[in-house]
Trainee: 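Submitted below is the structure of interest, expressed as structure tokens.
Counting starts at 1 for both ligands and their atoms, following the listed order. As a basis for the values below, the full set of heavy atoms in this structure was taken, side chains included, without hydrogen atoms, waters or symmetry mates.
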Amino acid sequence: MTATDAPTASGSGTAATEKFTAERVSADTPPERLAAIAKDALGALNRVILDHEVSYAEYRVLKQWLIDVGEGGEWPLFLDVFIEHSVEEVLARSRQGTKGSIEGPYYVADAPELPAECTMPMREEDRRGEQLVFSGQVTDLDGNGLGGAKVELWHADAEGYYSQFAPHLPEWNLRGTIVTDEQGRYSITTALPAPYKIPTDGPTGQFIEAQNGHPWRPAHLHLIVSSPGRHPITTQLYFRGGEWVEDDVASATKPELILDPVKGEDGLHRVEYRFALDPAE
Ligand code: BEZ
Ligand code: FE
């Protein structure tokens, strides 16, 4: 990679913002509920200002920072790091199957379909790194296999870059939609991901530094697992003992989502995982 094509916060942020705004999302929030949420949100912010006796100079710095986050296209990044985990926690209250986790800003729909036993699309340099054979089954809550379920998998490369958010990577690098066999089974060979540093060269980075925080997420796989008649599950899987598993900047780890891969004599790391999907009612 050269200095000119190295991804930046504003480069990946702009791509994430463009992808998000293209969706034109909506929610069926009743007006009374919306009013109550808006009132409490403003109340909480005003309380912080009064409690900390925020000055005019500080208020103006806040205004500038908010403008910078928007202009840098960093709202998806900032919100998914610091806020999404609470929204996911609310969703998790109504689910019994496999635990969910945040989606983050780097999901892209319609990744190419791959058979139940497959190797993820990856560059030669990704193939030269440590490889993971990730296998298992998609089931209902009673453990019955769900044939034809979809396992959408995406993750960063060993340098922490996601395809379509870093200009030097092939379009679908380390992204795929795996279709399970008749028993709901899958076996996917992919590059073992590394810890991921969220971009720090923009206003989100300034915010982290201001809190004396760190910008790291533990190595992770992102997944959306779905099957007709079931609630899809959006989740992430982590690696036991990995750096930052106990101190994720995005607060998105859960004990049930930690894998224990074993390295075989052939050099491959192997691990199994079962996804249990809730009925859609
Ligand atoms: C992620 O890749 O998991 C992620 C990136 C930025 C914000 C939140 C999550
Ligand atoms: Fe990620």
Trainee: Considering only NZ, NE, NH1 and NH2 on the basic side and carboxylate oxygens on the acidic side, decide whether Glu125 and Arg123 come within less than 4.0 Å.
Mentor: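 Counted as a salt bridge, because a side-chain N and a carboxylate O are separated by less than 4.0 Å.
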
Trainee: Identify the closest protein heavy atom to atom 2 (O) of ligand 1: which residue and atom is it, and at what distance?
Mentor: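 Minimum-distance protein heavy atom for atom 2 (O) of ligand 1 reads Tyr162 OH, 3.0 Å.
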
Trainee: If you have a sec, work out which protein heavy atom is nearest atom 7 (C) of ligand 1 and how many Å separate them, to one decimal?
Mentor: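 Its nearest protein heavy-atom neighbour is Val81 CG2, 3.2 Å.
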
Trainee: Assert yes or no for the condition that the ring centre distance of Tyr107 to Trp154 is strictly below 6.0 Å.
Mentor: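 Yes: the rings meet the under 6.0 Å criterion.
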
Trainee: Just checking, Lys19 and Phe165: is the charged tip under 6.0 Å from the six-membered ring centre and within 45° of the axis?
Mentor: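 So Lys19 does make the cation-pi contact.
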
Trainee: Check His220 and report its N/O/S atom nearest to the Fe ion (ligand 2), by atom name.
Mentor: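 Looking at His220, the N, O or S atom with the least distance to the Fe ion (ligand 2) is NE2.
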
Trainee: If the contact criterion is a heavy-atom separation under 4.0 Å, does His220 count as touching ligand 1?
Mentor: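 His220: in contact with ligand 1 (<4.0 Å).
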
Trainee: Using distance alone, decide if ligand 1 has a nitrogen or oxygen within less than 3.5 Å of any nitrogen or oxygen in Tyr196.
Mentor: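 Among all N and O atoms of Tyr196, none is under 3.5 Å from an N or O of ligand 1.
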
Trainee: For ligand 1, is there an atom lying under 4.0 Å from some heavy atom of His222?
Mentor: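 Yes.
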
Trainee: Apply the test ring-ring contact (aromatic ring centres under 6.0 Å, His included) to residues Tyr162 and His155: give CA-CA distance (whole Å), side-chain angles for both, the deciding distance (0.1 Å), then the verdict.
Mentor: CA-CA 7 Å; Tyr162 285 87; His155 63 91; 8.1 Å; no

Trainee: Can you name the atoms of ligand 1, numbered from 1 with element, that are less than 4.0 Å from a heavy atom of Tyr106?
Mentor: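 Counting from 1, the qualifying ligand atoms are 2 (O), 5 (C).
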
Trainee: Are Trp65 and Phe207, when compared by the centres of their aromatic rings, separated by less than 6.0 Å?
Mentor: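 Yes.
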
Trainee: List ligand 1 atoms under 4.0 Å from Leu77, heavy atoms only on the residue side.
Mentor: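 Going through ligand 1 atom by atom, the ones under 4.0 Å from Leu77 are 6 (C), 7 (C).
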
Trainee: Does any N/O atom on Asp80 come nearer than 3.5 Å to any N/O atom on ligand 1?
Mentor: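 There is no such contact.
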
Trainee: Using 0.5 Å steps for rounding, measure from the CD1 atom of Ile208 to the NZ atom of Lys197.
Mentor: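 Here the rounded value is 9.5 Å.
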
Trainee: Suppose we only count N/O/S atoms under 2.8 Å; would Tyr162 qualify as near the Fe ion (ligand 2)?
Mentor: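 Yes - counting backbone and side chain alike, Tyr162 has an N, O or S atom under 2.8 Å.
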
Trainee: Does any N, O or S atom of His222, backbone or side chain, fall under 2.8 Å from the Fe ion (ligand 2)?
Mentor: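 Yes.
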
